[in-house]
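All ligand and atom numbering here is 1-based and tracks the order in the structure.
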Amino acid sequence: MTRPTIDRLETLIVDLPTIRPHKLAMHTMQRQTLVILRLRCSDGVEGIGEATTIGGLAYGYESPEGIKANIDAHLAPALIGLPAGNINAAMLRLDTLAKGNTFAKSAIETALLDAQGKRLGLPVSELLGGRVRDSLEVAWTLASGDTARDIAEAEHLLEIRRHRLFKLKIGANPLEQDLRHVLAIKRELGERASVRVDVNQYWDESQAIRACQVLGDNGIDLVEQPIARINRGGQVRLNQRSPAPIMADESIESVEDAFSLAAAGAASVFALKIAKNGGPRAVLRTAQIAEAAGIALYGGTMLEGAVGTLASAHAFLTLRQLTWGTELFGPLLLTEDIVREAPVYRDFHLHVPATPGLGLTLDEAQLSRFARR
Ligand code: MUC
Ligand code: MG
């Protein structure tokens with residue numbers, strides 16, 4: 001039997017509309033841009049992957065245009081002719097060839113897993129060792145920028161049983177204003193919901209010391225990335241004194257970052273993101289570091305569409321414990337997507353298909369409608 005090889009990789013930038021502006025400390029999203037990867041193999045199987053970031057270059061070091069250019073010029077040519085089923089060898093080739101570029105590598109690793117799953121008739125979660133759950137609890141981010149509108153949104157989502165975990169995006173406004181906003185929402189929702197905040201690195205340590213105390217004392221369950229990723233000492237000190245647990249997000253740009261954060265004691269929760277680690281298999285290495293260090297896990301997102309969301313979900317299904325749930329709500333922020341099967345959200349959970357690969361097929365009409373020319 002001849003072994004299938006990798007024949008061709010094609011990348012597309014897709015701009016999709018959102019249900020409302022999504023306001024983060026560093027950027028307000030008016031739409032979401034996905035990099036979609038199609039990886040074609042010699043046996044006719046196609047694997048799909050996604051690399052998505054937030055706000056061009058506002059969130060981190062990678063932009064959709066940069067990801068696409070690096071795949072097209074450097075990563076794709078290195079994969080042509082390699083065995084499509086040997087994901088270890090393909091990813092080793094990429095790691096040898098390119099430093100970083102975890103978003104691009106994540107899209108490629110996802111596409112290889114999707115193709116192999118379709119080839120063998122197995123869901124990606126099974127290729128990753130098997131799922132220990134079929135669904136994942138999903139948080140929602142309240143980020144309209146308006147307290148009353150956020151409360152109304154949360155009440156509606158509780159009512160229809162879609163979310164009961166809420167993350168608030170803060171950091172851009174003066175500290176006291178942000179604290180009033182968060183406490184007003186927590187007061188309204190009370191014990192009916194878990195309320196967390198994400199500061200996206202916007203405080204300095206002096207602000208974070210007081211804010212974490214106030215938030216923890218007022219029932220806020222989790223504080224995500226309060227200070228800059230480069231201030232490791234500050235993160236260690238905050239992790240020791242904050243009454244609310246500290247979660248690392250931007251601090252983790254690689255599996256190696258996860259190791260050094262764990263070794264320093266800089267967070268008690270890790271946000272797991274396939275894009276920041278280099279794919280669904282890579283993110284599980286970060287999860288293993290956390291498990292060994294006694295650090296709790298949360299399934300994070302870069303607000304991917306259905307492809308990246310299900311790639312993350314298949315990985316998270318295999319974890320022993322996800323103490324803080326997930327935030328795999330990206331598809332719900334979009335009014336359009338480019339797959340035929342809309343992800344299923346019901347009873348506060350994302351229900352993950354057990355069909356071959358990711359369980360998704362591209363909608364060609366939607367793809368050509370939204371692909372950037
Ligand atoms: C982030 O920093 O966590 C995840 C959810 C959301 O609303 O923004 C993202 C990015
Ligand atoms: Mg975050």
Side-chain angles (χ1 to χ4, degrees), residues 18-34 50-64 102-103 106 136-145 149-150 153-154 157 162-163 165-172 178 181-182 185 194-203 208 215 220-229 235 244-253 257-258 261 266-267 269-277 283 286 297-305 308-309 312-313 316 324-334 345 350:
T18 51
I19 54 167
R20 57 153 166 73
H22 196 65
K23 206 167 159 23
L24 292 78
M26 83 303 283
H27 175 74
T28 301
M29 280 170 56
Q30 306 286 353
R31 63 176 186 182
Q32 179 58 312
T33 300
L34 326 178
E50 176 183 340
T52 288
T53 186
I54 295 167
L57 283 168
Y59 186 97
Y61 305 124
E62 305 211 33
S63 69
T102 55
F103 287 61
S106 177
L136 299 159
E137 176 130 27
V138 178
W140 177 254
T141 298
L142 299 170
S144 73
R149 191 170 164 190
D150 282 357
E153 200 171 291
L157 294 169
R162 213 181 71 186
H163 306 278
L165 315 177
F166 297 103
K167 163 159 142 173
L168 312 188
K169 289 294 203 180
I170 57 172
D178 268 346
H181 169 74
V182 175
I185 292 175
S194 168
V195 177
R196 301 104 182 255
V197 300
D198 187 358
V199 191
N200 285 116
Q201 319 187 70
Y202 261 60
W203 291 335
L215 294 170
I220 302 309
D221 289 328
L222 196 58
V223 180
E224 179 173 343
Q225 199 68 44
I227 64 172
R229 71 184 299 277
Q235 287 169 72
I246 302 290
M247 177 155 80
D249 181 12
E250 284 90 330
S251 293
I252 307 173
E253 294 275 357
D257 276 347
L261 284 164
V269 186
F270 278 180
L272 299 173
K273 296 189 174 180
I274 59 170
K276 303 267 196 80
N277 291 273
V283 85
T286 283
L297 297 175
Y298 177 69
T301 181
M302 288 304 290
L303 301 177
E304 291 97 343
T309 295
S312 308
F316 300 159
W324 294 91
T326 79
E327 56 181 13
L328 292 179
F329 69 87
L332 296 169
L333 197 60
L334 305 172
Y345 293 89
L350 167 63

Within a distance under 4.0 Å of any heavy atom of [X], pick out the atoms of ligand 1 and give their elements.
| X | answer |
| --- | --- |
| I54 | 9 (C), 10 (C) |
| D198 | 1 (C), 2 (O), 3 (O) |
| T301 | 4 (C), 5 (C), 9 (C), 10 (C) |
| E224 | 3 (O) |
| D249 | 1 (C), 2 (O), 3 (O) |
| E327 | 3 (O), 4 (C), 5 (C) |
| Y59 | 1 (C), 2 (O), 10 (C) |
| K273 | 1 (C), 2 (O), 3 (O), 10 (C) |

Expected output: side-chain [X] to main-chain [Y] donor-acceptor under 3.5 Å:
| X | Y | answer |
| --- | --- | --- |
| Q235 | A228 | yes |
| Q225 | E250 | yes |
| R149 | S144 | no |

Record the part of [X] in heavy-atom contact with ligand 1 below 4.0 Å; permitted values are side chain, backbone, both and neither.
| X | value |
| --- | --- |
| F329 | side chain |
| Q225 | neither |
| Q201 | neither |

Of all heavy-atom pairs between [X] and [Y], which one has the smallest distance, and what is that distance?
| X | Y | result |
| --- | --- | --- |
| Y345 | P331 | OH-CD, 3.4 Å |
| I170 | A25 | O-CB, 3.7 Å |
| A248 | L261 | CB-CD1, 4.1 Å |

Would you say the ring centers of W140 and F166 fall short of 6.0 Å from each other? no
If you measure only the distance, is there a donor-acceptor pair under 3.5 Å linking the side chains of N277 and T102? no
Can a donor-acceptor pair be found between the side chains of T18 and R20 at a distance below 3.5 Å? no
Can you name the N, O or S atom of [X] that is closest to the Mg ion (ligand 2)?
| X | result |
| --- | --- |
| D198 | OD2 |
| E224 | OE2 |
| D249 | OD2 |

Between T141 and ligand 1, does any nitrogen or oxygen pair lie at a separation below 3.5 Å? yes
N/O separation below 3.5 Å, H22 to ligand 1: yes
Nearest neighbour in protein (non-hydrogen) for atom 3 (O) of ligand 1: K167 NZ, 2.9 Å
Could you tell me whether K167 and E224 make a salt bridge, using a distance below 4.0 angstrom between a side-chain N and a carboxylate O? yes
Is any N, O or S atom of E250 under 2.8 Å away from the Mg ion (ligand 2)? no
Have a look at P245 and tell me which of V269, I220, V223, D221 forms a side chain to side chain contact (heavy atoms under 4.5 Å, CB included) with it. V269
From L303, T141, T301, residue fulfilling side chain to side chain contact (heavy atoms under 4.5 Å, CB included) relative to L333: L303
Does ligand 1 have any atom sitting under 4.0 Å from a heavy atom of M302? no
